[in-house]
**Student:** 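Next up is a structure, given as structure tokens.
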Amino acid sequence: MRQTGSDAVDTDDCEIYKSEHVESTITVRYEVSIPRHMNSQDTKGVSQLPVITNGWEGSVGDRPIATENSLEHSRTPPIPMPAGLEPLKHQLAGHRFCEEGNKELYGILDCKDGTILKPVILDSRKGQRERYFYALLADDSSHSPYFNFDVCDFELLRQLKKFTAVYKGLVSLPEHPEVVIYIKMVDVCSTFTRPHIIDVKIGAKCWEPAASPEKIKRQKQRCPHLDEICFQVLGAKYYDAQTGEAVVRRDLRKCTPHDLLHKGLHAIFNILPPNAKESITQFIMDDLQEIARWFGSQSILSFHGSSVLIVFEGDKATLDSNVETNHNRHPSLLKVKMIDFAHVFQTRASDDNYLEGLNSLISYFQSLSHIFRSTSPVTDKAS
Ligand SMILES: O=P(O)(O)O[C@@H]1[C@@H](OP(=O)(O)O)[C@H](OP(=O)(O)O)[C@H](O)[C@H](OP(=O)(O)O)[C@H]1OP(=O)(O)O
Ligand SMILES: Nc1ncnc2c1ncn2[C@@H]1O[C@H](COP(=O)(O)OP(=O)(O)O)[C@@H](O)[C@H]1O
């Protein structure tokens, strides 16, 4: 066991792996840990999908505010896309398919059947934790290079599972190099007619205990008000109320607390019809509070750099028929799911960092709900 600052990092089963990460023109050298027994042959339990090459729709790019159409470009894909699969168009954060220096990076694939594939790179630690985390929740392995739980913790893990996207196993694509396998999971957005999507990374400390000083610096630069806000909106995609065009925003990470609430979140939720605004924000708070209750009850896992994906319906007809005046909740209206478990650690302490971030997010929704209540048409008429 190694101590880094106040956090314990279990490296008993790991060896240090040196890697180079090229970011724009700067090459950053850092060390990462990979399990000693893990190598490119580690494809146990991996199923294969048939593959042929087909067109690539392009990555979503890094422009802060853009419409969906303007984000697509005709860059040649660095690796072929298997038949029927394509890069996930609504991927808001994380790595996309591209080349960085002489390295190929892998993004998330859309299987077009309500499931997606998230890459795991077998000869690095990228994705390994997440792979074993999903296996843990699926009850495939409570003992793995990263997690080792006793039966007394199973109930907490079972409760956690319902907050995450349904895991469908591991998949390899014969057309992609052997070192890449994919975690197959349900696409949280697939059941929506017109999904509005927000990816919120939770916690003021969004890097893992062993993160390099360079990585911590990069993270802090990307979100200058993280210490005050304790969460960051990595991306949002919503449909403009006037034009109907999809808008993708990646500028919200940089906002001050005031602008995040009054310009960022308000702009996103203000596109909803008046009767839906309050209901949807209340339902989101209910779900976040349920997750917070779980965090309040557990001291077995800590989550670094993990997100909640908030997806709510933007289709007017679906909203009209499902938002009832008595504020009953219909399952087709919204989903709040935890995603991105690349840096989840087994621990013996409560995850105060995550809980603080989640509570802060809830308080932003409370403020938003208050704004909507005080500016609702009834109040306007009265004033
Ligand atoms: O911090 P970086 O540059 O190393 O890259 C981040 C990735 O870290 P890693 O490659 O594991 O070291 C990081 O990957 P993990 O979640 O750590 O697997 C994310 O992809 C992150 O994107 P975002 O903050 O979710 O939009 C990535 O940030 P972006 O480069 O996409 O902003
Ligand atoms: N289960 C899911 N359903 C729908 N979209 C998802 C799901 N998981 C991830 N995404 C999309 O992919 C993006 C990146 O996912 P994430 O797991 O955070 O990857 P990374 O580890 O590369 O940051 C999210 O912002 C979201 O848009």
**Student:** Checking Ile79 against Phe97 for the side-chain contact (heavy atoms from CB on, under 4.5 Å) test, could you report, in this order, the C-alpha distance in whole Å, the side-chain angles of both residues, the deciding distance, and whether it holds?
**Tutor:** CA-CA 8 Å; Ile79 55 168; Phe97 287 94; 3.6 Å; yes

**Student:** Looking only at heavy atoms, what is the nearest atom pair of Glu130 and Phe341, with distance?
**Tutor:** OE2-N, 2.8 Å

**Student:** Are the side chains of Ile310 and Ile197 in touch, meaning some heavy atoms are under 4.5 Å apart?
**Tutor:** no

**Student:** Less than 6.0 angstrom separating the ring centers of Phe345 and Phe303, yes or no?
**Tutor:**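 No: the rings miss the under 6.0 Å criterion.
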
**Student:** Please confirm whether the backbone N or O of His370 pairs with a side-chain atom of Ser374, one donor and one acceptor, at under 3.5 Å?
**Tutor:** yes

**Student:** side-chain contact (heavy atoms from CB on, under 4.5 Å) for Ile291 and Met338? Distances and angles first, verdict last.
**Tutor:** CA-CA 9 Å; Ile291 298 174; Met338 293 170 66; 3.9 Å; yes

**Student:** Closest heavy-atom contact between Asp199 and Leu92?
**Tutor:**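 Distance-wise, the nearest heavy atoms are N-CD1, 4.0 Å.
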
**Student:** Determine, for Arg158 against Asp139, whether the closest basic-nitrogen to carboxylate-oxygen distance falls under 4.0 angstrom.
**Tutor:** no

**Student:** Could you list the donor-acceptor pairs under 3.5 angstrom formed between side-chain atoms of residues 161-168 and any protein atom two or more places apart in sequence or on another chain?
**Tutor:**
residue, atom, partner, partner atom, Å
Lys162, NZ, Glu290, OE2, 3.4
Thr164, OG1, Lys161, O, 2.8

**Student:** Only one of Val200, Ile339, Asp287 clears side chain to side chain contact (heavy atoms under 4.5 Å, CB included) with Val308; which?
**Tutor:** Val200

**Student:** Check for me, please, whether Val186 and Val311 land in the same ILVMFWY cluster - side-chain distances under 4.5 Å, paths through other members count.
**Tutor:** no

**Student:** Is there a path from Trp207 to Leu358 through hydrophobic residues (I, L, V, M, F, W, Y) whose side chains come within less than 4.5 Å of each other?
**Tutor:** no

**Student:** Flag yes if Leu85 and Ile121 sit in one hydrophobic cluster, no otherwise; membership is Ile, Leu, Val, Met, Phe, Trp, Tyr, and two members link when side-chain heavy atoms are under 4.5 Å apart.
**Tutor:**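 Hydrophobic grouping puts Leu85 with Ile121.
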
**Student:** What residues form a side chain to side chain donor-acceptor pair (under 3.5 Å) with Lys112, not counting sequence neighbours?
**Tutor:**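 Scan of Lys112 (side chain to side chain donor-acceptor pair (under 3.5 Å), adjacent residues dropped) gives Glu86.
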
**Student:** Would you say Leu226 and Tyr364 are hydrophobically clustered, going by side-chain heavy atoms of ILVMFWY under 4.5 Å?
**Tutor:** no

**Student:** Going by side chain to side chain donor-acceptor pair (under 3.5 Å), name the residues that satisfy it together with Lys254, two or more places apart in sequence or in a different chain.
**Tutor:** none

**Student:** For the residue pair Arg293 and Ser297, confirm or rule out a side-chain donor-acceptor distance under 3.5 Å.
**Tutor:**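 No, because no side-chain N or O of Arg293 sits under 3.5 Å from a partner of the opposite role on Ser297.
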
**Student:** Are the side chains of Leu170 and Tyr134 in contact, using a 4.5 Å heavy-atom criterion?
**Tutor:**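 In short, these two side chains do not touch, never coming nearer than 4.5 Å.
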
**Student:** Going by salt bridge (charged side-chain N to carboxylate O under 4.0 Å, His left out), name the pairs with one or both residues in residues 257-268, residues two or more places apart or in two chains.
**Tutor:** Asp259-Lys263

**Student:** Using salt bridge (Lys or Arg N to Asp or Glu O under 4.0 Å), reason through Lys220 and Asp227 one step at a time and then give a plain yes or no.
**Tutor:** CA-CA 9 Å; Lys220 286 185 170 171; Asp227 277 347; 5.9 Å; no

**Student:** To the nearest 0.5 Å, what is the distance between CZ on Phe283 and CG on Leu288?
**Tutor:** 13.5 Å

**Student:** Okay, side chain of Ser190, backbone of Asp187: is any donor-acceptor separation there less than 3.5 Å?
**Tutor:** yes

**Student:** Taking the side chain as every heavy atom from C-beta outward, state whether Phe295 and Ser350 have any pair of such atoms under 4.5 Å apart.
**Tutor:** no

**Student:** Is Ile271 reachable from Leu319 through a run of I, L, V, M, F, W or Y residues, each pair having side-chain heavy atoms under 4.5 Å apart?
**Tutor:** yes

**Student:** Within the side chain of Ser302, is there an N or O that forms a donor-acceptor pair under 3.5 Å with the backbone of Ala349?
**Tutor:** no

**Student:** Enter the distance from Asp351:CG to Gln298:CD here, rounded to the nearest 0.5 Å.
**Tutor:**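 One gets 6.5 Å once the value is rounded to the nearest 0.5 Å.
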
**Student:** To the nearest 0.5 Å, how far apart are CG in Asn270 and CD1 in Ile268?
**Tutor:** 11.0 Å

**Student:** Tell me whether the centres of the aromatic rings in Tyr238 and Phe269 are closer together than 6.0 Å.
**Tutor:**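 Not under 6.0 Å, so no.
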
**Student:** Would you say that Leu261 contacts Leu368 through its side chain, given a criterion of any heavy-atom pair below 4.5 Å between the two side chains?
**Tutor:**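 A side-chain contact exists here, since the closest heavy-atom pair is under 4.5 Å.
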
**Student:** Which pairs count as salt bridge (charged side-chain N to carboxylate O under 4.0 Å, His left out) when at least one residue sits in residues 299-318, sequence neighbours excluded?
**Tutor:** Lys316-Asp320

**Student:** For His262 together with His258, are the ring centres under 6.0 Å from each other?
**Tutor:** yes

**Student:** Please check if any side-chain donor atom of His176 sits under 3.5 Å from a side-chain acceptor atom of Tyr182, or the reverse.
**Tutor:** yes

**Student:** So, does Thr375 use its side chain to make a donor-acceptor pair with the main chain of Ile371 at under 3.5 Å?
**Tutor:** yes

**Student:** Between Leu272 and Lys277, what is the shortest heavy-atom contact and its length?
**Tutor:** O-CE, 3.2 Å

**Student:** Taking all non-hydrogen atoms of both residues, which atom of Ile229 and which atom of Ser360 are closest, and how far apart?
**Tutor:** O-OG, 2.6 Å

**Student:** Heavy atoms only: give me the nearest Ser369-Met285 pair and the separation to one decimal.
**Tutor:**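 It is CB-CE, 3.9 Å.
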
**Student:** Treating Glu278 as the side-chain partner and Thr281 as the backbone partner, does any N or O pair qualify as donor plus acceptor under 3.5 Å?
**Tutor:** no

**Student:** Applying side-chain contact (heavy atoms from CB on, under 4.5 Å) to Lys201 and Gln219, what does each step give before you reach the verdict?
**Tutor:** CA-CA 11 Å; Lys201 195 182 272 200; Gln219 294 292 335; 3.9 Å; yes

**Student:** Does the separation of the ring centres of Tyr354 and His304 fall below 6.0 angstrom?
**Tutor:** no

**Student:** Rounded at 0.5 Å granularity, tell me how far CD1 in Ile183 sits from CD1 in Ile116.
**Tutor:**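 These two atoms lie 9.5 Å from each other.
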
**Student:** Using 0.5 Å steps for rounding, measure from the CZ atom of Phe147 to the NE2 atom of His143.
**Tutor:** 13.0 Å

**Student:** With rounding to the nearest 0.5 Å, note down the distance linking CG in Leu301 to OG1 in Thr347.
**Tutor:**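 Those atoms lie 8.0 Å apart.
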
**Student:** So, does Asp153 use its side chain to make a donor-acceptor pair with the main chain of Phe149 at under 3.5 Å?
**Tutor:**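 No, Asp153 side chain to Phe149 backbone: no donor-acceptor pair under 3.5 Å.
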
**Student:** Looking at Gln91 and His95, would you say the former's side chain and the latter's main chain have a donor-acceptor pair under 3.5 Å?
**Tutor:**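 Indeed, once roles are kept as given, a pair shorter than 3.5 Å links the two residues.
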
**Student:** Is there a donor-acceptor pair closer than 3.5 Å between any side-chain N or O of Thr318 and the backbone N or O of Gly314?
**Tutor:**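 Here the side-chain-to-backbone pair does not exist.
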
**Student:** Among residues at least two apart in sequence or on other chains, which ones pass salt bridge (charged side-chain N to carboxylate O under 4.0 Å, His left out) with Glu208?
**Tutor:** Arg125

**Student:** With Arg129 as the cation and Tyr146 as the aromatic partner, state whether NZ or CZ is under 6.0 Å from the six-membered ring centre and within 45° of the axis.
**Tutor:**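 Relative to the ring axis of Tyr146, which defines the angle, Arg129 lies outside at least one limit.
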
**Student:** If we ignore angles and hydrogens, is there a donor and acceptor under 3.5 Å between the side chains of Asn322 and Ser332?
**Tutor:**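 Asn322 vs Ser332: donor-acceptor pair found between side chains.
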
**Student:** So Leu122 and Val180, side-chain contact (heavy atoms from CB on, under 4.5 Å) or not? Walk me through it.
**Tutor:** CA-CA 6 Å; Leu122 293 175; Val180 189; over 6 Å; no

**Student:** Donor-acceptor pair, distance only, cut-off 3.5 Å: does the side chain of Ser307 make one with the backbone of Leu309?
**Tutor:** no

**Student:** What is the minimum heavy-atom distance between Tyr106 and Pro177, and which atoms define it?
**Tutor:**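 Smallest interatomic distance, heavy atoms only, reads OH-CG, 3.2 Å.
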
**Student:** Determine yes or no for a side-chain-to-main-chain donor-acceptor pair under 3.5 angstrom, with Gln232 supplying the side chain and Cys223 the backbone.
**Tutor:** no

**Student:** Apply side chain to side chain donor-acceptor pair (under 3.5 Å) to residues Thr191 and Lys335 and explain how you reach the verdict.
**Tutor:** CA-CA 10 Å; Thr191 53; Lys335 280 185 187 149; 2.8 Å; yes

